[in-house]
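As the structure is a computational prediction, the values presented were derived from the model and not from experiment. All heavy atoms count here, side chains included; hydrogens, waters and symmetry mates do not.
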Amino acid sequence: MPVLVTFNERRRARFTLEFISNSAPRRVLPEERMAKLTTDQYVAAVAARLAHLTQTYAIIFFASIATMFAILAYASSAGLAARFALATIVVANTVYGVLATKSALDDLKAMLADAVDDFSGSNFGAQLKQIPTALYTGTSFILVLAMGVTQLWAIISA
């Protein structure tokens, strides 16, 4: 008997996936692994995950601005405990930035690989499949890590 599960991603991407629940174990064929989505549902899901990626970049960018302000304003006169607190915030922000952006980019890469036929058959879908996602993931990792290392260096040298 099919069980319907509805996901509501940020009130924008609303789609329904159908899962078949069987009591007896069975082998899952490769074509059964991806839920059968319509083109609109697929595009809405990708747009929602892309929005999450954009929000993650905004969070780490503005958190880095705030910590840099705190470092420049207070690190030179702060005691050792305050410097460790600032360093902890910088490390947490860097780890969040690296893991969250890598997760979102990996999800988008998987979504591109599993594109529905109507979408991947179009010129736009074919162009999207040629995006060098490994380059974006590596660049994101390096830049977020560089921001964190630079801030830690500013804390140490203040």
Side-chain angles (χ1 to χ4, degrees), residues 5-17 19 33-158:
V5 180
T6 301
F7 295 92
N8 186 0
E9 292 249 349
R10 311 254 320 148
R11 287 177 272 167
R12 284 183 277 171
R14 187 166 179 82
F15 55 94
T16 304
L17 303 175
F19 295 97
R33 290 184 184 155
M34 179 61 186
K36 300 298 182 197
L37 301 176
T38 65
T39 303
D40 292 337
Q41 292 169 337
Y42 174 79
V43 170
V46 170
R49 195 59 175 135
L50 191 59
H52 295 160
L53 178 65
T54 305
Q55 291 166 358
T56 301
Y57 281 127
I59 288 168
I60 61 174
F61 180 72
F62 288 114
S64 292
I65 289 173
T67 53
M68 203 61 206
F69 173 76
I71 290 166
L72 294 175
Y74 304 111
S76 60
S77 62
L80 188 60
R83 287 185 181 195
F84 275 121
L86 278 173
T88 303
I89 293 169
V90 169
V91 169
N93 187 38
T94 303
V95 169
Y96 169 74
V98 166
L99 295 179
T101 57
K102 182 172 181 348
S103 172
L105 287 168
D106 287 346
D107 287 350
L108 288 169
K109 180 180 178 182
M111 288 177 172
L112 282 173
D114 290 339
V116 293
D117 293 334
D118 292 344
F119 184 73
S120 63
S122 69
N123 290 332
F124 180 65
Q127 182 67 28
L128 283 179
K129 284 193 169 212
Q130 295 177 6
I131 291 175
T133 54
L135 177 67
Y136 286 123
T137 305
T139 304
S140 174
F141 174 79
I142 290 169
L143 291 176
V144 171
L145 193 63
M147 286 189 324
V149 169
T150 303
Q151 289 180 356
L152 288 176
W153 178 47
I155 292 170
I156 292 168
S157 64

Inset, instruction - Go through the steps for Lys102 and Ser140 under the test side chain to side chain contact (heavy atoms under 4.5 Å, CB included), then give the verdict. - result: CA-CA 8 Å; Lys102 182 172 181 348; Ser140 174; over 6 Å; no

Legend entry - Test log, rule side chain to side chain contact (heavy atoms under 4.5 Å, CB included), inputs Val144 and Ile60: CA-CA 8 Å; Val144 171; Ile60 61 174; 3.6 Å; yes

Legend entry - Stepwise side chain to side chain contact (heavy atoms under 4.5 Å, CB included) test for Val46 and Leu112: CA-CA 9 Å; Val46 170; Leu112 282 173; over 6 Å; no

Inset, instruction - Dump the intermediate steps for side-chain hydrogen bond (donor to acceptor under 3.5 Å, both in side chains) on Thr101 and Tyr96, then the final yes or no. - result: CA-CA 8 Å; Thr101 57; Tyr96 169 74; over 6 Å; no

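A distance of 15.0 Å separates OG1 in Thr56 from CZ in Phe61, rounded to the nearest 0.5 Å. Remark: Asn123 CG to Leu128 CG distance equals 11.0 Å, nearest 0.5 Å. We find the NZ-NZ distance between Lys129 and Lys109 to be 12.5 Å, quoted to the nearest 0.5 Å. Taking CZ of Phe69 as the reference point, atom CD1 of Ile65 lies at 12.0 Å (rounded to 0.5 Å). The OG1 atom of Thr94 sits 7.0 Å away from the CE atom of Met147 when rounded to the nearest 0.5 Å. One distance of note links CE of Met68 with OG1 of Thr150; it measures 7.5 Å at 0.5 Å rounding.
Counting non-hydrogen atoms of other residues, nucleotides and ligands closer than 6.0 Å to OH of Tyr136 gives a total of 12 or fewer.
Counting only N and O atoms by type, the side chains of Thr67 and Asn93 include no donor and acceptor under 3.5 Å apart. Neither side chain, Thr54 nor Arg49, offers a donor N or O lying under 3.5 Å from an acceptor on the other.
With a 4.5 Å cut-off on side-chain heavy atoms, Leu50 and Leu53 count as touching.
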